[in-house]
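Every number for a ligand or one of its atoms is a count from 1 in the order of the listing. Note that the coordinates shown come from a computational prediction; the quantities given were computed from them, not determined experimentally.
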Amino acid sequence: MDSAKRARAEAWLKYGNDLGLGPYFRNRTPLDASPAVESTLTPSFEMAARTKSAANSRSAPAAAPSPKASSAPSSMVGASLPVISSAPGPTLFEAAERKVGETLDDIRADLGECTRCRLHKTRNKIVFGVGNPKAELVFVGEGPGHDEDVQGEPFVGRAGKLLTQMIEAMSLRREDVYICNVVKCRPPENRLPEKDEIATCSPFLLRQLDAIQPKVICCLGACAAQTMLATAQGISKFRGEWFDFRGSKLIATYHPAYLLRNPPAKSEVWKDLQKVMAVLGLQPKKR
Ligand code: SF4
């Protein structure tokens, strides 16, 4: 193995260890990685190398490394339904055990007044998640902002109002779906969550998703999408594609906060939501 390849493989393992997933990463990327393995390694290494400067592009579609094309056949029934792709990177969660019979209340009780990562020092309230515990559709955002931190509920600020409008346009009510975030405490100054914060908090998100077992998970923004799919690809490269995620269909779209800054992108998001509606058998709300 040449030195550049070895350096990338070692960085990959360090990244996995930082996330507490060292053995899993080691199995996926042995140091004598084949070229095929290396092609999955590179994007995630780039994710690991992401710097704080990315905080300025919070939830916006970022410039991306070259995408890994995928054309796996769909396992979904229905002529108009889209193809399901392989994840752009190896998903962090695919090897995690599923806890059978756990409820959202169990998970909330286990979380407690969490001090597992540094974000607890500056938060007001833990924002666990809200909505239907048997929802067919779960929205996953990045993390609480100011309003959410004050109220203890996700997506209640301006972006949250827009999300509610999006949900209602899908002929659903907010209480029909479940809404949560990658991290449950507000990052100071609304910065991006750090990778160790994500690694500490996201297992609770995984348990929530396992408890709900939704038909569809919709990632809102780059942070949620890149975390769930373990990729550094810009969200614009895979937005609107379907992925398998532990028995659920996962799709990523832009964050409502991004839409507030870039209203023309609403039409793209609406196309993504229409794909979700097709899977859930929903008709657009009549005006
Ligand atoms: Fe705990 Fe998550 Fe809050 Fe960190 S962000 S303190 S892991 S609840």
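Under 4.0 Å from ligand 1, the heavy atoms of R123 that appear belong solely to its side chain.
Taking every non-hydrogen atom of T200 and a distance limit under 4.0 Å, the qualifying atoms of ligand 1 come out as 7 (S).
Side-chain contact check for M277 versus W270: some heavy-atom pair is nearer than 4.5 Å. Side-chain contact between T253 and C219: absent, with no pair of heavy atoms (C-beta onward) separated by less than 4.5 Å.
One of the N, O or S atoms belonging to C117 lies under 2.8 Å away from atom 4 (Fe) of ligand 1.
For atom 6 (S) of ligand 1, the nearest non-hydrogen atom from the set R186, E197, H120 comes from H120.
Ranking the protein heavy atoms by distance from atom 2 (Fe) of ligand 1 puts C201 SG, 2.3 Å first. Regarding atom 1 (Fe) of ligand 1, its nearest protein heavy-atom neighbour is C114 SG, 2.2 Å. Atom 3 (Fe) of ligand 1 has as its closest protein heavy atom C185 SG, 2.3 Å.
Using modelled atom types, one finds no donor on one side chain facing an acceptor on the other under 3.5 Å when comparing R116 with T200. Between the side chains of K184 and Q208, at least one donor N or O sits under 3.5 Å from an acceptor N or O.
The OH atom of Y178 sits 13.5 Å away from the CG atom of L137 when rounded to the nearest 0.5 Å.
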